[in-house]
Every structure is written in C-alpha cells, then in structure tokens.
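Have a look at the structure below, then the notes.
Just so you know, these numbers come straight off a predicted model, no measurement behind them. Below, chain A is the first sequence line, B the second, and so on; all start at residue 1.
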Amino acid sequence: MHITLTELERETYRKSPIHRIDGRIKILMTLAIIVYAVALPRMDSLDLIKLGLLEVYLIILMMFARLEFSYLAMRFAIALPFGLGIAAFQPFLKQPFIQNFTILYTLPLGIEVSREGALFGIIIFAKFLVCISAVILLSSTIPMSELVSSARRLGLPKELALLFTMMVRYLFVFWNMLDRIRTAQKTRCFEIWNKNVPRKWTLEQIGYTISSLFVRSYEQGERTYQSMLCRGYNADAHVYVSRKKISVPDIFVLAITVVVIGVAQFRVI
Amino acid sequence: MNIIETRELTHVYRGKITALDGINFTAKPGERIAIIGANGAGKSTLFKHFNGILKPTSGNVLIKGESISSKNILDVRRTVGVVFQDPDDQIFAPTVKQDVAFGPMNLGLSPDEIEKRVRESLETVRLTGFEERAPHHLSTGEKKKVAIAGILAMRPEVLVLDEPTAGLDPGGAMRLIKLINEMNRYLGITIITATHEVDIVPLLADRVCIMSRGKIIGDGTPLEIFSSPELIKKTHLRLPIVAQLMEMLQEEGVPVGVKFTLEEARDELLRVVK
Amino acid sequence: MNIIETRELTHVYRGKITALDGINFTAKPGERIAIIGANGAGKSTLFKHFNGILKPTSGNVLIKGESISSKNILDVRRTVGVVFQDPDDQIFAPTVKQDVAFGPMNLGLSPDEIEKRVRESLETVRLTGFEERAPHHLSTGEKKKVAIAGILAMRPEVLVLDEPTAGLDPGGAMRLIKLINEMNRYLGITIITATHEVDIVPLLADRVCIMSRGKIIGDGTPLEIFSSPELIKKTHLRLPIVAQLMEMLQEEGVPVGVKFTLEEARDELLRVVK
Amino acid sequence: MHIPDGYIPLEQAAIYWIIAILFIARSIKWARKDLNENMIPLFGVLAAGMFVLQTINIAANLLIPVPMLTGVSWHVVGAALTAIIFASPWAAVLLITLVLAVQSLFGDGGVTAMGANILNMGIIGGFLGYYSYIGLSKLSIKRPIALFAGAWLSMILPAIALAFELWFAGTFPLKQGALLMGTFQGVAGIGEGLITVIVFGAIIKARPDIVEEDAPQKVSTVKVAAAGIVALFGLAVAAPFLASGNPDGLGQTANLVLKHEINSAITPLFSDYSIPGMGEMGKVAAIIIGFAAIILLWLGAAKLLKRV
Ligand SMILES: Nc1ncnc2c1ncn2[C@@H]1O[C@H](COP(=O)(O)OP(=O)(O)OP(=O)(O)O)[C@@H](O)[C@H]1O
Ligand SMILES: Nc1ncnc2c1ncn2[C@@H]1O[C@H](COP(=O)(O)OP(=O)(O)OP(=O)(O)O)[C@@H](O)[C@H]1O
Ligand SMILES: [Mg+2]
Ligand SMILES: [Mg+2]
C-alpha cells in the first residue's frame, strides 16, 4: 500500500478556500500547530482536551479543503504505524520522570501495566496524531512547487530550494523507471519464487534490477536535465518566486489558528 | 475457440480518463490482425490488457477461453507475447544478451536451448555482434530491435506488436514484416499489430480494426476498411499511398480499381496502359 | 554565412563506439534539410552536438560562425531548438501547460506573452484541452506532441527535429509537416529533420543528406539522392513508394519518369495514359 | 527509524535542530563549491531513489520484506552511499536533509524531530559511514567489503544514538532501546550494505567519468584517524551507560554534576516551559556538552595528528 506522488499532487491542485490560502501562511500555521502540540507538558491529562480541540480544528479545515475521504484514510493509514509502535510500549515501561506508578495489571513474566504509563502513551500518541494531521493537511493543499517557492520567501536558502525541486522532479523519473522495469520483468514471466530457475540467478537479477534502476534513472534524469538546459534553464536561475501578496482572508485564517491555539491553552471554554 | 477475446472491456485511468469503452474484440488462432486509430485512441491500453499488465475497470479478457486471474497469469504471459510501443519499457538487463535470455530463463529452459534461442533471435533482428553492449546505450532503432528479440525468444503463441516499425529504418522494417509473416505462416502464430503506417497494413494483416476514442468502430478486410473514406477521414488516418494515387487517377477519369500494394497497382496500371 | 557548420566532427562514446566520424555538414539560414540513414548511423548523435548537449571528441561545431563554448551556450540553445527522438527525454513538468511554458519562462518573457505562446503551440499540435494533464501519463503520440509544442513555444531560428513523425497518426503527421513548411516559408526558420519515413522526405526537404556509420556519404536534392539506387540500397533505405511504383512501371517498359510526390506521379501517369 | 513528532520534548528537539542546522549550513557551502552542474542530476536522482526505496516496499515484487514489530518495514538510508559517491560526508548531510523533508510531508518522521533524524542518519550515519569506508580502503581492504562495512556502521551507530535520544526524552529505556533498535538496524544494515555495494558498483561501471574510484586515497589520513577517535570516544562514553544495570542512575549522577555548572545559564532560555523534574535541564545540558566535547575533540585530534 502506498500513495504515489501523482496522487498527492492531484489533491494539491483542487480548488477550495484552503487551497487558495497563501503558501507562507499555511506553512506558518502548520509549524505553529506542531510546535504547540509538541510543547505541551508530558504528563497532564488536560493535554488530551487541548489536543482534541486542535484535532477537531484540523478536521474542519480538511473538510473545507474538500479532500476525498478515501484519500485521507490512505494518508493516515500510511503515517500512523510509524508512531504507533513506541506509544504502544509505554504502559509497560517505567518512565524515569514519573515518581509513583499505579499498577493496573500484572502480566506474566512480571510485566506491569501502569496507569501513568498508559496515560503518557496516550498523550504522546495524541500529540503525534495532531502533528500528522497538520502535515497531511499542508501537503494535500499545497503543490510541491508552491511549497518550495513559499519556503523560499520564508528564507529557505537558494541551494536547498533548487535541490529540493530537482529531487521532487526526479521522484517521478525514478518511480516511472521502477514501474517500467517491473513491467518488463512481468511480461517475461519473472517471479521471485519461480522454481524452474536457479536461486542464484534470481538473486543476481535482483541485484541487476537495483543497479539498473539507479543507473537508468540517473541517465534519464541527466537527459531530462539536459533538455531543461536546452530550454534556457540554468542552475543559477532562481526558483520561480511569485510576487503574490498576503491578502485579508489569509490573515484571517492565520488569526483563527492563533485563536484556536489560545483557546486550547487558556481553556476559555 | 478464440485465442483472445474481450467482453465489454472498459478501462478508466485514475477514475477520469476513459481509454477503453466497451471493447468486444476477438482473435482466432492463426489470424493476422492490424489495429489502427488516431493518437490516444486506446490501442496501447488495449494491448496491455492482453497479457494482464493492466486490469480491466470493468469487463473481461479471456485468453484461450479463460479469464485472466492470478492463477493463470504466468500461462497467459507465456501464451501472449507483447512488444510494447516504447522499447524502454521492455529492456533492463545489463547486456543485450542477458536481456534477450531473460524470458527463456524464466521459462526454465535448458542452457543449450536458451543459448540457441538468443542467437537465433538476435540474428533475426540483425543484432549479432551487439551481445555484450548495454541495451540502454543503443540508438532508438537498436533498442526496439532488442525488445522485439526478447519477445521472439519466448516463442509465444500470440505475438502482439505495438508500433513495431516505428523508429526502424526501412530495411529493418521490411525484414521484420517478412519475419512476422513467416512466423504466422509456418508456426501458426497469431499476429496482432497496432500501427500508424497504413502503407504496411495490407502487408501484415488480413483483418483490420479501426479504433476511435476507446471504441472499435470498424472491422473488416483491408479492402473493406480502406473503401470507406469517411471512416478513415474521421479517425485522422489516410489511405495507403498506392491507394491514394489510384483514387486520384480515378478522379481524373482513368478506369482503374483502387489497389493497396505495389504489385497489384503495377498490374492494374499495366492493364490500363496496354 | 552558415547558421550551423561542423568541421571534422567526431564523437566516440565511452572511448569505444565511434558514432560520428569526421562529419562536415553545413546548413544555411532558411534551408530545409533531411538527414536519412539506417539505425545507428549517428543521426541523433549529430543532432545532440547542434546545441551543445554532447561535446565533440574532436572537431568543431560552429553556430552562426562561432564555436560553442560555455560563454555562448545559452545563446546557442536559444538559436537552435532540438526536439529529441524520445519524448520522455523532454517532458518533465507536472502538467502539460507548465511543461510548454518552461522554455518561454526561462527566456524571461512577460506572463501574457507566455500564456499566448503556450496556447498557440498547443493549438498547433491539437492538444488544446490537455493543459492540466500530467505529460507522463499520455499516449506516446500525445507525448511527442507535447515535446514538439515545448520547442515551438521558444521560437528558435533553427528547428532540429529527430524523427518528428514517428508515433504520430497520419493526420497529425501531415499537419506537422504543413506547420514546419509554413514556419520555414513565413518566418524563415531553418529546418533540419532526421527521419526513416522516406515518403515524407520530398515533402519537407530541398536537400537530403545520407548518413552511414558516422559519415555523410551523400548530399543533394531529393531527386539526385533517390536517383542513385546503389546508395539507397547500401544504407538500408528504400525509395518513396511512389518512386518505387514508377520504377516498376519503367521496368515493364512503360515510358514514365521517376517521380516522388503523389501529384507529380499522377500528372506523369495521366500523360502516358492519354 | 524516523522519530515522529511528539516523542521528543520540544526543548530537546530544538537542541538537535541547532546542531543539524550548523551542519546543514556547512553542507550548503559544500554544494555551492563542489556540486557542479553535471552532478546535479546524480544528486537529484540519488535523493529521489533513497526516498522511493525508503517509502515503498520494493519488496512487493523485487525483494523480500523485512517486517518489524511495529509495522515499520525496512528502509534504505543511503547516507554512506551518498557520501562515498560524492566523496564528501557533507553530501550525505544535505541529501538526507532533503529526503527527510519530503518524507515528513508523508508523515514519515516528524517536523520538530527532524533535527534529531538528520543528526542520526545524515550526520552520524554519513560521517561515520564515510570515514569507515575510507579508513578500511586505506588499509587496502577490498572495496566491496569496505563499502559493506561502511554502510553497516552507518546504520548501527545511528540506532544507538537514537536509543540515547529516546532515553533522554524519557520515552524509552536505554538498554532495551539500544538492544531493540540495534538488533533491527543490525539486520537492516545487511540490506543497506548489499544495496550500497550493488549501486556503487553499478554507478562506477556505468559512469566512470563521474565517480572517482581512487577518491579514498586522496582523503588525508589525519581526518580519518580523527573521525575514528571521535567514534571510539563516543562509544567509550556510551558504553558505561549501555553496560550499567541502572543507566538512569548514571544519568542522574551525570545530571547532578552538570546541573550546577550549566543550569543557571540555560534555564532562562527555556523557562517558559514548566517541566516536571529538573532532570530535564540536565539532560539538555548533557547533550550540548557532549556534542561540544565531541566536536572539540575532533578538531583537537586532527590538529594533534597533523603535527605528528
Ligand atoms: N498512464 C496513463 N494515465 C492516464 N491516462 C493515460 C495513461 N496512458 C494513456 N492515457 C490516456 O488514455 C488514452 C489512450 O491512450 P493509449 O496509450 O492507449 O493510446 P494509443 O492509441 O496507444 O495512442 P498512440 O497512437 O499515441 O500510442 C489517451 O487519451 C491517453 O492520454
Ligand atoms: N549513450 C550511448 N552510449 C554508447 N553508445 C551509444 C550511445 N548512444 C548511441 N550509441 C551508439 O552510437 C551509434 C549511433 O547512435 P545514434 O543514436 O546516433 O543513431 P541514430 O542514427 O539516431 O539511429 P536511430 O535511427 O536508430 O535512432 C549507434 O551504434 C549506437 O549504438
Ligand atoms: Mg500507443
Ligand atoms: Mg536516433
């Protein structure tokens, strides 16, 4: 299960109020939410309410962005396992910064499940969830090229922007090459578990596959780069930066975000 | 029994672009079929269903009467050999020889047999001497030849060729056409070709299908198909050059019939002149 | 003055494969030149020297009388627009529109002008409506069209086309030939084409060069070139179909001259018949 | 092996970010000077390739998947490979930074935690992988073996660093963490090593014009030796914690010592955050001091060795 960049890019070209917001604002918003979520105290059950509020806010924004449900489900399904692992261990651990543990159960082998551990696990998972939601929202509502140019305007160094753009471009090349090689092998009946062929030969083929994947992607990338040069591109050229001004609705959205964070922090409700 | 059959085959790319729209196509063993149609008509998409590289959005593809499934997919690919339009989709091994040997190897043939097939296939496309070259460092036409050799070496029952002559020099193209016809005549291999070069259609097909916007809108002998000018015009195609010349002469009042191959046209003209 | 000139141009790939071997080639402003030759003759390699993509192993390439160097390379690339044989080498942006706009954007044109050129180029190749599609998810012929549109939008002084009609449907190919001729006639753009489709050579060139094994072994008008059958045969080429028919008739004793285009042949045959 | 957001407290994440930024700044300088136009496609493709290999399971058809407990499957990192191809560890820092940035957009690895991830995979992985390879090459060990060893080390050492970071963060006990991550990365390192050998071999064969085969011989022995000393020193510092029955106790002691020295200087910086247990500050300080010490040590060792 994976999501291709093309699918990611497709969502970013939708038209919605969220997509229209200036890229810089979206980046700042995302960072604000992530930093706030991460900065919350480690052990405080109030965290869950604050994080819940942020999550609801993000979900509302996602709805405004008219993102497809199946797409979102896929994005979350890919991202979540990365964080789930460590959180799931927490109830069984004795966190060094907690003084007293309330033991809920004792499992065989003397493994103890503590209430504090469980709470800590839930809190870090909730933080993680909010951060992931923010990132998914950002990456689904801003095309890569705009992300780079916005980041440029926020002060990202030129070299990083250039290399980042090149990398994103070559992602397509690489992906495409992987696809081509797989098709080529399939049409000629290649199968890893084929018993008719020596195991050694199969392993060799896997090696060749990886090397030709890189070499051919590189050469394709080189030809593509040359054709970019032919069309007047040069490496010193600035990544195209639009002169768009920040508008009133942009400020408005940023303000709402600040208010939401404020509400979460000072428990106005 | 039909060796290939599609039933109401529809393919929609990424939920938006309908490339195939209810295709009913059949090929009998030993037939020679050409599929023609404008750019983007859906020819390549159709071919990629014949060996299960693409899966139907709806409808069915039957090979020797059996629907393609993960169980019989290897058999299907052994039966139907597809030469893709872009040779880069087909070559990947570090040397030409290894690339051509890749298919036979997977079929579990003996080393001698593999060696023999590789040699013969490379001779056929006149690439002897290129064995140790890297296939991605060849000229476009040479790559195309490697791709064709790689499929020939598998000896499929059905040979599906997507624009086999594009990028080949005329000498190479004629040799390939001759080879295809021989394989059909002596080994009984079914041949399905997509091409834009209408001049070669009468040389390598007894039956022509016209595709347009994902549908098959014409099916018949070359004579039938090329005798319906509106159909041809509508689909951005043209008549073979020989036929165009004969038509132009007809318009000027010369009493000739429309012919498609050089030999026929010569005889027809000789008849008139003498 | 010659707009493109090569002097004893030699290119050896990775110290082993001599693809070009002492080429002396010149193109004058406004000329229409076709380069023909078997697969692997070196046509694409030659073209890649015209805008400095490949560097000569020995010899020289002069554009407007100046040798290509890192100083004038940008000017050279603005002067000479090359459409590569493989469209995959040329398209890379996420949408068709961005891809075609890439060149004009780098030329620093105004947004209005860019918009206009993109629209016109896409109309020319009949891809209006494809603006937001991803270029690498198109059919082969459509990709080719995007690649051509991308170069057209830059309005170069010399247009170098490597197999422009390969993979295009006959309608699209004829339209492209017409466009190329118009650009030559009305804007004075120099046209250099490599192609295997000998039938179109008389339509888009006043001068034909034959390449074989890295050398230019023939240079003249289409009439001169196609009148030397040994030369043609030796290089895996063939005569245009019309010429073949006329020759066949000659052999049968019909008193006709060899012609290359349909119209000429019709008139010649009418003369004989009447 | 990508740390997500939320698993490291903000102030610790900030420290890692500061270290990472220093290194990134230097790597940009490298790009400006040494990354010529012809190499840009290679850099772009390698970065793209690393991303693709890290994100999807080519396993599906090509390789056998190496599943991990938590559902995270095996990743290729490519830090050693990049450093070796471009003959500079700075290339690895830059490349891993780019890859991690795109990955974080996919939710793989956090934004605040990115500094730590860059530190582990790019800096520690890149430098140690590279210098191990160079060092082994200089000892005229066969290239494939040197490559494999370099790549394997570039996987295992970041895993240990990671275990320490999670321990500092209080999210995972040190010994179990080191054992778990270490075992996993040790196994994954075999794959990494193989891929490094294969890809490097292929690129050298296809494009001898771009990759210098005898680059190892040109690197000064001084730098290699200094890197070796730093690595050994790092391990020497880490070892007692790893070996101790009660690493937390050791940490506490270290904190106690450090607290008095540094705390007063640092606390105001972070005083906005009310953190339970003042041990926190000590850990922050420990990280800074540790790193400063390592850098100083490297510089010092290089200077000393040069004089010899
Ligand atoms: N991977 C893809 N994703 C999305 N759309 C595609 C893809 N491949 C092809 N298409 C679209 O599907 C339609 C049919 O494409 P196909 O390649 O089958 O045409 P074709 O008849 O082979 O054309 P050509 O003669 O140019 O090769 C076209 O409109 C094309 O743009
Ligand atoms: N990248 C490369 N590395 C090594 N050899 C190459 C490379 N590209 C082409 N060649 C070789 O150089 C010779 C000339 O190739 P070129 O591509 O110029 O031929 P061409 O005339 O364009 O042929 P085609 O009509 O098939 O496109 C061929 O023998 C080919 O194998
Ligand atoms: Mg096609
Ligand atoms: Mg060529």
* side chain to side chain contact (heavy atoms under 4.5 Å, CB included) between C:E247 and B:R266: does it pass, once the steps are laid out? -> CA-CA 10 Å; C:E247 255 194 1; B:R266 178 194 56 192; over 6 Å; no
* **Between NZ on residue C:K143 and CD on residue B:Q85, distance to nearest 0.5 Å** => 8.5 Å
* To do: Measure the OG1-CG distance between C:T195 and B:D169 for me, rounded to the nearest 0.5 Å.
  => 11.5 Å
* Asked: Pick from B:E197, B:E252, B:E263: which one has the most heavy-atom pairs with chain C under 4.5 Å?
  -> B:E252
* Under the side chain to side chain contact (heavy atoms under 4.5 Å, CB included) criterion, do B:L168 and C:H196 qualify, and how do the steps go? -> CA-CA 7 Å; B:L168 289 195; C:H196 289 302; over 6 Å; no
* **Non-hydrogen side-chain atoms of C:T140 and B:E163 separated by less than 4.5 Å** => no
* To do: Flag the pair C:I17 / B:R133 as yes when at least one side-chain heavy-atom distance between them is below 4.5 Å, and no otherwise.
  => yes
* Taking every non-hydrogen atom, the tightest pair across C:G40 and B:S139 -> N-OG, 3.4 Å
* Asked: Do B:L269 and C:L269 touch side chain to side chain, with heavy atoms closer than 4.5 Å?
  -> yes
* Asked: Roughly how far, to the nearest 0.5 Å, is the CG atom of C:L262 from the CG atom of B:L245?
  -> 6.0 Å
* Max heavy-atom pair count under 4.5 Å with chain B, selected residue of C:K144, C:R238, C:M248 -> C:M248
* **Which atoms of C:D199 approach chain B - backbone, side chain, both or neither, heavy atom under 4.5 Å** => side chain
* To do: Specify the closest pair of heavy atoms between B:P170 and C:L237, including all atoms of both residues, with the distance to one decimal.
  => CD-CD2, 3.7 Å
* Asked: Can you tell if the side chain of C:D88 reaches within under 4.5 Å of the side chain of B:D86, non-hydrogen atoms only?
  -> yes
* Asked: Do the side chains of C:K145 and B:N39 get nearer than 4.5 Å, heavy atoms only?
  -> yes
* Structure fact -> With chain C, the option among B:G253, B:G167, B:A265 that has the most non-hydrogen atom pairs under 4.5 Å is B:G167
* Worked verdict on C:R175 versus B:H236 for side chain to side chain contact (heavy atoms under 4.5 Å, CB included) -> CA-CA 10 Å; C:R175 209 168 326 109; B:H236 297 282; 3.8 Å; yes
* Asked: What residue, out of C:G141, C:A166, C:G172, has the most heavy-atom pairs lying under 4.5 Å from chain B?
  -> C:G141
